[in-house]
Every structure is written in C-alpha cells, then in structure tokens.
Amino acid sequence: MTTEQREIVGMVGDFVEREILPVAHDLDHDDTYPEKIVAQMKQLGFFGFAIPEAYGGTGLDYATYAMVCEEIARGWMSITGIINTHFIVSFLIENFGTDEQKQRFLPRMATGEFHGGFSMSEPNCGSDVQAIQTRAIRDNGDYVINGTKMWATNGEHSTVVATLVKTDPDASPPHRGMSCILAEKQYPGFTSSRRIEKLGYKGVETTELVFENNRQPAANLLGEVEGQGFKQMMAAIEVGRVNVAARGVGVAQRAFELSIAYAQQRQAFGVPIAQHEAIQFKLADMATKIQAARLLTNYAARKKDAGERADVECGMAKLFASETCFEVVSEAMRVHGGYGFSKEYDVERLYRDAPLLIIGEGTNEIQRLIIAKGLLERYRVSG
Ligand SMILES: Cc1cc2nc3c(=O)[nH]c(=O)nc-3n(C[C@H](O)[C@H](O)[C@H](O)COP(=O)(O)OP(=O)(O)OC[C@H]3O[C@@H](n4cnc5c(N)ncnc54)[C@H](O)[C@@H]3O)c2cc1C
C-alpha cells in the first residue's frame, strides 16, 4: 500500500470498528436501514470516494476502492451494497455521460445528496440481459418508460437509477437496441413498489421498480446516442464485480478472525481446539484462500484502473473471492460448533450474507462463461 492508501484504508477501518461492528448484529437482525451510518459516511466523504476530484470527490483508484470495500464488508456487507450501485452509476456518468450530465449529477453524488441505483434485472430475466422488456419510447423532448424492474438494490433510497431499457425492440442483435436512461425519481410514474424479503444482506433494501408511462427528459439518456446501453452497463458492472470480490474478501476475513480467536478460547478434550490439527488445517486453508482472493481482486482493480480490458480479471476475482467466501463462512461455522448456528454469534450473519456474492453482479456460472470466452480469444489457435 502507498502512504495515501494506508491513510484512507486506516481511516475506513477505524470507522468500521467504531461505528459499524458494534451495531451490525442488531441492525441486521432488525433488518433496519443504517441511517446514522449513512449520514456519517456522507459527512466523511465516502459517497465521493470513486468520483473524480474535479466533481468534488476523492478520485480514489479502483485498487484503493477495493481495499475500502474489503474493510467495510469486514464490518457489515450491507454497507458495501449501499455504495456499490452508487459508484456503478458514477462510473457510467464519468465514462459515458455528456458534460452536462457530469456537471448535473456527479457533484451531487459526491456529497451523497444524490444516491445512485443500477437496474438491469427484470422479473423474467437476470443473466439473459438481452431479454429485458422495459421499453422507452421517444416522445418530443422525453422518453416515456413502461416496464417492471426487479432486484434493485437501494431501490427506495436511490435518487437516480441507471436503468437499462429497450429503445429499439426490433434491433438485431437485441443489445444494439438497448439504452441506459438516468431515471430520476422526481418524475411521476416511477416508483419503488415493494421490498423483497431476503435471507441475508439485510438493512439495505432490494426492491421491485415500476415504470408506468414515466416521462424522463431526453437529456437523461446516458451519452448522446441510443443503442449504447448494453455496452455501457457491461463496462460498469466490472466496477460492481470488483466491489463484490472485495466484499467476499472482507466477509471471509471477518469469519477467519472470529474463528481463529474462538479456536484459542474454546476447550475440547482438555486443550483449546486450536491445538487440534484438524482445526489448524481449517485455519490455514481459510487464510491462504483469503489472501489469494485478495490478490486476485487487487489485480483486477489495477487492470480497471489502467483502462485496460478487464472482463476476464474482474470475472476471475468475483468468481474466486465469492466461492472462497462461501467456503470460509461454512468452515467458520464448523469451527464454532453449535455456537456458529446461534443468532447470538456473528458467524450466523456472515453465513447468510455470503451466498448473495455467488449470485449478484452476474452469477458465477456466467462469470465462468465470460472468463472462458475471454481466454479462448486470448489463446486462439489459428487455422
Ligand atoms: C440481493 C440481490 C440484489 C440484487 N441487486 C441488483 C441490482 O441492484 N440491480 C440489478 O440489475 N440486479 C440486481 N440483482 C439481480 C442479479 O443480478 C440476478 O439475480 C442475477 O444476475 C441472476 O439472474 P436471475 O436471478 O434472473 O437468475 P437466472 O438468470 O434465471 O439464472 C438461474 C440459474 O441459471 C443459471 N444460468 C442462466 N443462464 C445460464 C447459462 N447461459 N449458462 C449456465 N448457467 C446459466 C444461473 O447461473 C443461475 O444458476 C440482485 C439480486 C439479488 C439476489
């Protein structure tokens, strides 16, 4: 880490110890939105972390952003979800938005006044993004949007939702007829209709979004040209994959820390269980895999920072870190024995949070397809 990275990650780590870890258990069990934590994060500039300094943010590179996400997830994974969609949207605007859109949205997003959401999934499709049905029709100076979106993280608290729509349903292939609209809640006919009850990832809401003859100004089309939405969203989702990979590392790290402490306190057969070789092997495997996941995540983030194609690296990081996290929380539960199954212990929360990482930001089956496609291009045999 550079000195600057050390300072930022240290500041976030202190915040996690002081403000998040002591309340995470209760907020999770009550499924309560962490209003106080979010207000403090706004004050401390967290909502501007990955937004360029020119627009009032801190301009962190993605490698540092990943370290920050790891720290936060170590405290409570749901908080990383609150900033994830926010920075996916700021990435979209920074990289594909018009100057007017950058000026209008980014400074307000950097302070947290505006909160970004990101919506591709629909009730009938998630992995198969090109099958979306939500339609936007140009009408004078507006787009009229109709359709239902599903699984929108921050669906209630977001002010602006980068929404994937079809502007030309007859386009072939379908992705050429897809556009991204920066849909603002202030325009009638756009509502967060219901919250989805979840196994974990509590506190942060995941909702259905309904567009009923919702008129968004044409100036809210991301960029200037229709038909770019799919490509824009696919580039942005790599930022989300870095976030999810870092979450996996953070949740797993917490599970490991709890396990290695517990193993030295809990006695069985006259000695701390940490002296039993079977437990030592678990701890060794956990720590080794977590470190491997951390390095893969860092590598993917640095590729994204370099502006290079990073689909394979982000896919690998997301795949490996989320599977590692799933494995580590399960091993942590074994180390804790019966207490791991108790709601009084944090391992139970980590165990409920981990599976989302396998599904969100593209399932791990889809990551494998992306990785394989990229590898076959790189290692193409001619003739
Ligand atoms: C808590 C939560 C928060 C979310 N937040 C957001 C959000 O903010 N914005 C958003 O847009 N979406 C969000 N999602 C949606 C998420 O991205 C999708 O759930 C995910 O992409 C999978 O889509 P699906 O659920 O429709 O599963 P499906 O696409 O129906 O897949 C079902 C199964 O089939 C497999 N499968 C599908 N196609 C293939 C294939 N070609 N080859 C092999 N296997 C395949 C999948 O891997 C999976 O195992 C969220 C989801 C959850 C659970």
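Just so we're clear, the structure is a prediction, and the values are computed from it rather than from any experiment. We count ligands from 1, going down the list as the structure has it; atoms in each ligand are counted the same way.
By the 3.5 Å distance cut-off applied to N or O atoms, Met120 is counted among the residues near ligand 1. For ligand 1, none of its N or O atoms has an N or O atom of Lys198 under 3.5 Å away. Polar contact with ligand 1: absent for Leu356 (N/O pair, distance under 3.5 Å). Considering backbone and side-chain N/O atoms, Thr153 comes within less than 3.5 Å of an N/O atom of ligand 1. Looking at ligand 1, you'll find an N or O of Ser121 within less than 3.5 Å of one of its N or O atoms.
The proximity of Ser127 to ligand 1, defined as any non-hydrogen pair under 4.0 Å, involves the side chain as well as the backbone. By the criterion of a heavy-atom distance under 4.0 Å, the side chain of Thr206, and not its backbone, is placed next to ligand 1.
Scanning the protein heavy atoms around atom 24 (P) of ligand 1, the nearest turns out to be Gly126 CA, 3.9 Å. Closest to atom 39 (C) of ligand 1 among all protein heavy atoms lies Ile366 CD1, 3.9 Å. Protein heavy atom closest to atom 14 (N) of ligand 1, with residue, atom name and distance, is Trp151 CB, 3.3 Å.
Heavy-atom proximity to atom 44 (N) of ligand 1, evaluated over Lys149, Glu205, Glu361, Glu365, is greatest for Glu365.
For Glu113, the CD atom sits in a packed shell: over 12 heavy atoms of surrounding residues, nucleotides or ligands are nearer than 6.0 Å. Within 6.0 Å of CZ on Arg18 lie more than 12 heavy atoms contributed by other residues, nucleotides or ligands. Shown here is Glu344, whose CD atom has no more than 12 heavy atoms of other residues, nucleotides or ligands within 6.0 Å.
Asp139 places no side-chain N or O within 3.5 Å of a backbone atom of Asp142 that could act as its donor or acceptor partner.
Atoms of ligand 1 found under 4.0 Å from any heavy atom of Tyr201, numbered from 1 in the order shown, are 1 (C). Short contacts between ligand 1 and Leu369, defined as distances under 4.0 Å to a heavy atom of the residue, involve ligand atoms 40 (C), 41 (N), 42 (N). Against a heavy-atom cut-off of under 4.0 Å, Ile359 is close to the following atoms of ligand 1: 19 (O), 20 (C). Listed by number with element, the atoms of ligand 1 under 4.0 Å from a non-hydrogen atom of Ser119 are 11 (O). Each of the following atoms of ligand 1 lies closer than 4.0 Å to a heavy atom of Thr363: 22 (C), 46 (C), 47 (O).
In this structure, atom 34 (O) of ligand 1 has no protein heavy-atom contact shorter than 4.0 Å. Remark: atom 10 (C) of ligand 1 lies closer than 4.0 Å to at least one protein heavy atom. Inside a 4.0 Å radius of atom 17 (O) of ligand 1 there is at least one protein heavy atom. The presence of a protein heavy atom under 4.0 Å from atom 50 (C) of ligand 1 is confirmed. Using a 4.0 Å threshold on non-hydrogen atoms, atom 37 (C) of ligand 1 counts as touching the protein. Note that atom 30 (O) of ligand 1 has no protein non-hydrogen atoms nearby, at separations under 4.0 angstrom.
Between Arg302 and Asp305 there is no salt bridge, since none of the side-chain N atoms of the basic residue sits less than 4.0 Å from a carboxylate O of the acidic one. Using a 4.0 Å cut-off between a side-chain N of Lys or Arg and a carboxylate O of Asp or Glu, Arg294 and Glu70 qualify as a salt bridge. Salt-bridge annotation for Arg352 and Glu348: present, with a side-chain N of the basic residue lying under 4.0 Å from a carboxylate O of the acidic one.
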Per-pair distances, 0.1 Å, donor-acceptor, side chain in residues 82-91, under 3.5 Å, sequence neighbours excluded:
residue: Asn84; atom: ND2; partner: Glu361; partner atom: OE2; Å: 2.7
residue: Thr85; atom: OG1; partner: Gly116; partner atom: O; Å: 2.7
residue: Thr85; atom: OG1; partner: Asn154; partner atom: ND2; Å: 2.8
residue: His86; atom: ND1; partner: Gly116; partner atom: N; Å: 3.1
residue: His86; atom: NE2; partner: Phe47; partner atom: O; Å: 3.0
residue: His86; atom: NE2; partner: Met109; partner atom: O; Å: 3.0
residue: Ser90; atom: OG; partner: Phe87; partner atom: O; Å: 3.2

field: CA sep, side-chain torsions, deciding dist, call: Phe49, Phe46, ring-ring contact (aromatic ring centres under 6.0 Å, His included)
entry: CA-CA 5 Å; Phe49 271 162; Phe46 281 35; 4.9 Å; yes

field: Evaluation steps, salt bridge (Lys or Arg N to Asp or Glu O under 4.0 Å), between Arg309 and Asp311
entry: CA-CA 6 Å; Arg309 185 173 165 175; Asp311 54 348; 2.7 Å; yes

task: Tell me, with the steps shown, if Ile196 and Glu205 meet side-chain contact (heavy atoms from CB on, under 4.5 Å).
output: CA-CA 8 Å; Ile196 299 158; Glu205 80 284 5; over 6 Å; no

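In this pair, His276 and Phe269 present their aromatic rings perpendicular. The plane angle is above 60°, beyond the 30 to 60° band.
Residues forming a side chain to side chain contact (heavy atoms under 4.5 Å, CB included) with Glu122 (at least two apart in sequence, or on another chain): Cys125, Ile132, Gln133, Thr134, Lys149.
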